[in-house]
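First comes the structure, then the notes that go with it.
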Amino acid sequence: MDNALVLNYIRTKYPQLAEKSLQDEIASVGKVITFKSGDIILDIGSYIKSMPLIISGLIKAVREDSEGNEIFLYYLADGETCSMSFTCCLMNKKSEIRTIAEEDTMLISIPSKYMDEWMSKYASWRNWVMKSYELRMKELLKTIDSIAFQKMDERLIAYLQNKAEKLHSKILHTTHQEIAYDLNASREAVSRLLKQLENDHYVVLGRNKIEILTK
DNA sequence: ACATTAATTGTGT
DNA sequence: ACACAATTAATGT
């Protein structure tokens with residue numbers, strides 16, 4: 001079994017979940033699931049029956065408008081979870097968002113029946129769930145601020161920085177079109193802004209590649 | 001190694 | 001925003 005593996009992941013990526021018995025429970029009921037880059041992990045309108053603890057890779061959460069345009073909400077990175085999953089599970093509601101694997105991603109899936117049980121059983125679990133909500137709210141507010149108050153050039157920089165941070169890499173493998181979808185801008189606008197950033201020695205551009213230069 | 005094709009990026013209006 | 005040009009990467013022969 002991959003129990004030992006799960007245990008190892010939990011200890012390295014989720015040190016907050018400190019209780020030994022909790023770690024053991026996660027190891028025994030959690031399933032390791034992998035997704036390929038581009039896979040839709042959870043679509044809008046579908047029911048969720050488990051909660052993900054992300055081990056590696058990157059997941060993008062998006063919202064969809066009536067015309068089918070996607071707008072970027074936030075990234076879910078290693079050491080994080082999806083608060084939407086948590087709520088949906090407990091309330092047995094459909095998902096309001098779509099999550100897509102941005103990179104090849106590995107996560108531990110916890111069946112919903114345990115999530116609730118552990119809330120009263122383990123202090124570290126409860127605290128961590130609360131912390132996750134807080135973090136998710138912060139990330140959402142950041143995105144709202146970006147959409148509401150920032151110009152496109154600032155949004156682009158924030159987007160690139162955020163992604164680099166979540167990926168633990170200064171090199172992003174993406175296209176101008178992809179970024180444009182996320183920011184719901186035109187591809188040309190993104191291309192031109194990126195070219196500006198390159199002239200300002202903020203990034204180096206390549207095909208399917210953006211390297212962010214450290215300042 | 002070369003030619004062909006598809007995808008991505010650049011530019012002018 | 002659109003049309004199209006240029007460039008780059010991928011694929012077949």
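This one's a predicted model, so the numbers in the text were calculated from it and none came from an experiment.
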(request) Whole angstrom is fine here: how far is it from CG in Leu172(A) over to C1' in dT9(B)? (result) 17 Å

(request) Would you mind checking if Glu70(A) and Lys60(A) are paired as a salt bridge, meaning a charged N to carboxylate O distance below 4.0 Å? (result) no

(request) Salt-bridge test for Lys166(A) and Glu139(A): reply yes if a basic N is under 4.0 Å from a carboxylate O, no otherwise. (result) yes

(request) Check the distance between dT9(B)'s P and Glu178(A)'s CD and give it to me in whole angstrom. (result) 10 Å

(request) Return yes if some donor-acceptor pair links the side-chain N/O of Asp43(A) with the main-chain N/O of Arg98(A) below 3.5 Å, else return no. (result) no

(request) Salt-bridge test for Lys121(A) and Glu19(A): reply yes if a basic N is under 4.0 Å from a carboxylate O, no otherwise. (result) no

(request) Please report, rounded to the nearest Å, how far the P atom of dC2(C) is from the CD atom of Gln177(A). (result) 12 Å

(request) Quickly work out the Arg207(A) CZ to dT9(B) C1' distance and round it to whole Å. (result) 8 Å

Pull out every protein N or O sitting under 3.5 Å from an N or O of nucleotides 10-13 of chain B, one pair per line with the distance.
| unit_1 | atom_1 | unit_2 | atom_2 | d |
| --- | --- | --- | --- | --- |
| dG10(B) | OP1 | Lys195(A) | NZ | 3.1 |
| dG10(B) | N7 | Arg187(A) | NH1 | 2.9 |
| dG10(B) | O6 | Arg187(A) | NH2 | 2.7 |
| dG12(B) | N7 | Arg192(A) | NH2 | 3.0 |
| dG12(B) | O6 | Arg192(A) | NH2 | 3.1 |

(request) Answer yes or no: is there an ion pair linking Lys151(A) with Glu154(A), defined by an N-O contact shorter than 4.0 Å? (result) no

(message) From CG of Asn208(A) over to C1' of dA10(C), roughly how many Å is that when rounded to an integer?
(response) 11 Å

(request) Without swapping roles, check the side chain of Tyr14(A) against the backbone of Glu80(A) for a donor-acceptor pair under 3.5 Å. (result) yes

